[in-house]
Engineer: 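Below is the structure I would like to discuss, written out as structure tokens.
Note that the coordinates shown come from a computational prediction; the quantities given were computed from them, not determined experimentally. Below, read A as the first sequence line, B as the second, and so on, with proteins coming before strands; counting in each chain starts at 1.
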Amino acid sequence: MHDIKYIRENPQEFDQAMARRKVSPVASVLVAADLELRGLTQKMNDLQAERNAASKQIGAAMGKGDKALAEQLKAKVAAMKDDLAAAEIAQKAKAESLDEILMGLPNIMEQEVPDGADESDNREAHRHGEPTKIANAKEHFELGEKLTSSTGPQMDFDLAASLSGARFVVLKKDLARLERALANFMLNLHTEEFGYEEVVPPVLVKEQALLGTGQLPKFEEDLFHADQDFYLTPTAEVTLTNLVRDSIMSEEELPKRFTAWTQCFRSEAGSAGRDTRGMIRQHQFSKVELVSITTPEQSEAEHERMLSCAEEVLKRLDLPFRTMVLCSGDTGFGARKTYDIEVWLPGQDGGKGRYREISSVSNTGDFQARRMKARYRKTGEKQAQFVHTLNGSGLAVGRTLIAVLENYQQADGTIAVPDVLQSYMGGKKIIG
RNA sequence: GGAUAGGUGGCCGAGUGGUCGAAGGCGCUCCCCUGCUAAGGGAGUAGGCGGUUUGUAGCCGUCUCGAGGGUUCGAAUCCCUUCCUGUCCGCCA
């Protein structure tokens, strides 16, 4: 959500920013609508002031027992009733239509975000480790389907399909535990070493929460909609960020840092045919999310910090990765700037290997804060202002599991357990 | 699911039609007093929008007492709808 005052004062700058988003110029429309709205508001306020003044006089007249005067005043107010009602309706309609446009506009990106059309234009920021070299590297699903359990493979897509259809998986036995081990490892790291507060949020939320973080109103088709006006959360970013909705914090409280391990639900509308094999793209997956609430001054540094928190997970798992700055065409609706961490998956592309996204770390500035009215007060200042919010995956657990399988695969199809996970796996060193 | 009580400022809590954006308390800020500590005295202390203004001062208007609608000249107070919370009963992991 944008500050209409900013648009009013910097219409060209705003349109230029929107142009980078492939949004056609809207500033002039917005400014005109805003001008009109303020006129309507003024008119409404004037009528209300008139009514309020008369009503006060009626009260006074009644108090003095002057019935005649009271009746006369009543008639006067009654006469303006229609005008007032009309003014209120017109004002409200205008305010709503302006709001609707504003809610549908994407965030302004930071200057340094490179221009570009799609992911091929993303810029590499840095990389860590050398791509793992494995002869005849297999893909994660080939490996997972070879591992056995009491009811078929440990990674069972057929069974999942019979329960839930496409884009689901059932993990069993050691792979099920590996998923939990990864999540626990991540949560422990973020809470114990990086100062994040652990949260267990709901995964069913109301529309309001999704409007706050920006998934609604524009991206409803990406969400699962449940009964009774509930939506399944596509990411814990929604609930963690909304923890501070409608509140005014003090400067000393910031930054606030939250983490949660949750199931995430995405309809994947529009991604038919992509990543259909394996568990890269699922309707349900688990993710350890990181969210920070900061002052405007802190948010850039916090963005780098959050990125390094996520990267640290991969470093400790000894998984090679590269970090990309997303270009303008690939940066999400609510983000000012986004880093993607891409992990090396040696089994991709028939064993040639490829980097695939495993985390996305975004600074949204005050974009979400405005939508959910999350503010803070600077020490000694009277005026409250909007906080900045950041979110990042730390990491997507399912994809991390894939990365472990592909990078730690042995020639015989077994999987070595990364050192840092062994204690979480009951001391197990090999799966298979 | 049934019954019942509620949702008021940073917090607690009063307020059943007019002078209520709202008593009182707590907290917080500033000032005064006080050898230290403790205590005491005074003042201030919600947010949004708009206007005025060189002004994130002040002043003016307006809206906001969970949300939305209605009654009324006038609503925190009355009516309707809805969301949420507490308690009891039922059911239940």
Engineer: Would one find more than 12 heavy atoms of other residues, nucleotides or ligands at under 6.0 Å from atom NZ of A:K315?
Structural biologist: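 Enclosed.
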Engineer: Considering only atom C1', compute the distance from B:U8 to B:G66 and round it to an integer number of Å.
Structural biologist: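 Looking at atom C1' only, B:U8 and B:G66 are 10 Å apart.
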Engineer: Name the residue from A:R20, A:K337, A:R336 that meets the side chain to side chain contact (heavy atoms under 4.5 Å, CB included) definition with A:M109.
Structural biologist: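 Among A:R20, A:K337, A:R336, the one that satisfies the side chain to side chain contact (heavy atoms under 4.5 Å, CB included) with A:M109 is A:R20.
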Engineer: Check the surroundings of atom NZ in A:K56: do more than 12 heavy atoms from other residues, nucleotides or ligands lie under 6.0 Å from it?
Structural biologist: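 Count not over threshold, so no.
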Engineer: Looking only at side-chain atoms of A:S55, point me to the closest of B:G18, B:G48, B:U62.
Structural biologist: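 Within the option list, the nearest is B:G18.
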Engineer: So, does A:R38 get its side chain near the phosphate of B:G51, meaning an N or O under 4.0 Å from OP1 or OP2?
Structural biologist: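 Checking B:G51 against A:R38, a side-chain N or O does come within under 4.0 Å of OP1 or OP2.
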Engineer: Nearest to the A:K206 side chain among B:G74, B:G69, B:C83, which nucleotide is it?
Structural biologist: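 Nearest to the side-chain atoms of A:K206, counting from C-beta on, is B:C83.
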Engineer: To the nearest angstrom, how far is A:I89 atom CD1 from B:G68 atom P?
Structural biologist: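 After rounding, the gap between these two atoms is 16 Å.
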Engineer: Pick out which of A:T294, A:N363, A:T364, A:T389 makes a side chain to side chain donor-acceptor pair (under 3.5 Å) with A:S299.
Structural biologist: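 So the option named by the test is A:N363.
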Engineer: By nearest atom, which of the nucleotides B:C49, B:U62, B:G18 is closest to the A:K5 side chain?
Structural biologist: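 Selected nucleotide (nearest to the side chain): B:C49.
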Engineer: From the set B:G48, B:G68, B:G61, return the single nucleotide nearest to any side-chain atom of A:R375.
Structural biologist: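 Closest nucleotide to the A:R375 side chain: B:G48.
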Engineer: Strictly below 4.0 Å: does A:N52 bring a side-chain N or O up to OP1 or OP2 of B:U62?
Structural biologist: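 Yes.
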Engineer: Tell me whether the side-chain N/O atoms of A:R370 come closer than 4.0 Å to OP1 or OP2 in B:G48.
Structural biologist: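 Looking at the OP1 and OP2 atoms of B:G48, neither is under 4.0 Å from any side-chain N or O of A:R370.
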Engineer: Report yes or no: do A:Q282 and A:E268 form a side-chain donor-acceptor pair below 3.5 Å?
Structural biologist: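 Short answer, no.
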Engineer: Less than 4.0 angstrom between a side-chain N/O of A:K373 and OP1 or OP2 of B:A46, yes or no?
Structural biologist: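 For B:A46, neither OP1 nor OP2 has a side-chain N or O of A:K373 closer than 4.0 Å.
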Engineer: If you only use heavy atoms from C-beta on, which nucleotide in B:C73, B:C63, B:G48 is closest to the side chain of A:Q48?
Structural biologist: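 Nucleotide nearest to A:Q48's side chain: B:C63.
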Engineer: What contact category does A:L73 fall into here, base, sugar-phosphate, or nothing, at under 4.0 angstrom with non-hydrogen atoms?
Structural biologist: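 No contact at all - A:L73 keeps every heavy atom at 4.0 Å or more from the nucleic acid.
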Engineer: Pick the closest RNA chain B nucleotide for A:I4 and for A:K81 by heavy atoms, then say which residue is nearer the 5' end.
Structural biologist: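 The 5'-side residue here is A:I4.
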Engineer: Among the candidates B:G61, B:G69, B:C73, find the nucleotide nearest to the side-chain atoms of A:A49.
Structural biologist: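 Closest nucleotide to the A:A49 side chain: B:G61.
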Engineer: Output yes when at least one side-chain N/O atom of A:R51 is less than 4.0 Å from OP1 or OP2 of B:U62, else no.
Structural biologist: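 A:R51 to B:U62 OP1/OP2: no side-chain N or O under 4.0 Å.
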Engineer: Figure out the CG/C1' separation between A:L84 and B:U71, and round it to whole Å.
Structural biologist: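 Computing the A:L84:CG to B:U71:C1' distance gives 15 Å.
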